[in-house]
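Below is one structure, written out as structure tokens; comments come after it.
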Amino acid sequence: MEFQERVLKEVVKIPRGKALTYKKLALKLNSSPRAVAKALASNPWPIKIPCHRVVMSNGKVGGYKLGKKMKIKLLRKEGVRIKMERLLNFNNNSKFKKVR
DNA sequence: CCCATGACTAATT
DNA sequence: AAATTAGCCATGG
């Protein structure tokens with residue numbers, strides 16, 4: 001199974017209004033955050049796959065194929081609160097970052 | 001096969 | 001607190 005496919009399979013599991021970091025994805029896939037990011041950057045279906053729910057480990061939103069503006073807009077639309085490109089309530093150790 | 005390139009991170013300055 | 005630096009690993013040339 002291709003690496004990118006493994007990444008996307010995980011990404012689709014992220015619930016609405018929540019976010020996962022590149023790092024956590026990488027750990028789960030025994031890879032590196034950079035490799036994960038690269039896989040998402042070449043995401044063939046930026047609409048179908050919710051890759052906007054993958055953020056940086058420091059709480060900043062990180063990049064997006066269609067631009068940060070769009071990424072933030074999508075997250076906000078799902079109820080995620082963001083200030084200065086940074087997610088709020090980014091302080092828990094649960095599997096997914098709970099926001100809202 | 002070798003090398004450069006990132007939607008990144010952690011440690012250091 | 002912001003900027004640099006050194007690792008990271010899948011991918012494409």
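When reading the values below, keep in mind they use all heavy atoms of this one structure, side chains included, and skip hydrogens, waters and symmetry mates. So you know, we letter chains A, B, ... as the sequences are listed, proteins then strands, and number each from 1.
Taken residue by residue, residues 25-32 of chain A places no heavy atom nearer than 4.0 Å to DNA chain B.
For the side chain to side chain donor-acceptor pair (under 3.5 Å) condition, the pairs that include at least one residue of residues 68-77 of chain A, sequence neighbours left out, are A/Tyr22-A/Lys71, A/Lys68-A/Glu85.
In this structure, CD of A/Gln4 is placed 13 Å from C1' of B/dA7, rounded to the nearest angstrom. Residue A/Leu40 contributes atom CG, which lies 14 Å from atom C1' of C/dT11 at whole-angstrom precision. Atom CD of A/Glu10 and atom P of B/dA7 are 22 Å apart (whole Å). Between the CG atom of A/Asn58 and the P atom of C/dA1 there is a distance of 13 Å, given to the nearest Å. Between the CG atom of A/Leu20 and the P atom of B/dT9 there is a distance of 11 Å, given to the nearest Å. The OH-C1' distance, from A/Tyr22 to C/dA10, rounds to 16 Å in whole Å. Rounded to an integer number of Å, the gap from NZ of A/Lys69 to C1' of B/dA7 is 17 Å. Note: CZ (A/Arg86) to P (C/dA1) measures 10 Å, nearest angstrom.
Both A/Thr21 and A/Lys38 sit near DNA chain B, but only A/Lys38 has its closest nucleotide nearer the 5' end.
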Sort me out a list of protein N/O and nucleotides 2-7 of chain C N/O pairs below 3.5 Å, or just none if empty.
| unit_1 | atom_1 | unit_2 | atom_2 | d |
| --- | --- | --- | --- | --- |
| C/dG7 | O6 | A/Arg34 | NH1 | 3.2 |

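The nearest pair of heavy atoms linking A/Lys18 to A/Ile14 is O-CG2, 3.7 Å. The nearest pair of heavy atoms linking A/Phe96 to A/Lys13 is CZ-O, 4.1 Å. Closest approach of A/Phe90 to A/Met56, counting heavy atoms only: CZ-O, 3.7 Å.
Take A/Arg6 and apply the side-chain contact (heavy atoms from CB on, under 4.5 Å) test, not counting sequence neighbours, and it matches A/Met1, A/Phe3, A/Leu29. Every residue meeting the salt bridge (charged side-chain N to carboxylate O under 4.0 Å, His left out) condition with A/Lys28, not counting sequence neighbours, appears here in chain and number order: A/Glu10. The salt bridge (charged side-chain N to carboxylate O under 4.0 Å, His left out) test applied to A/Glu2 returns no partner, not counting sequence neighbours.
The side chain of A/Ala35 sits closest to C/dC9 out of C/dC9, B/dT9, B/dA7.
Between A/Arg53 and A/Glu78 a salt bridge is recorded (basic side-chain N to carboxylate O distance below 4.0 Å).
Linking ILVMFWY side-chain heavy atoms closer than 4.5 Å, directly or via other members, places A/Leu40 and A/Val12 in a single hydrophobic cluster.
A/Phe3 comes within 4.0 angstrom of the backbone, heavy atoms only, and of no base.
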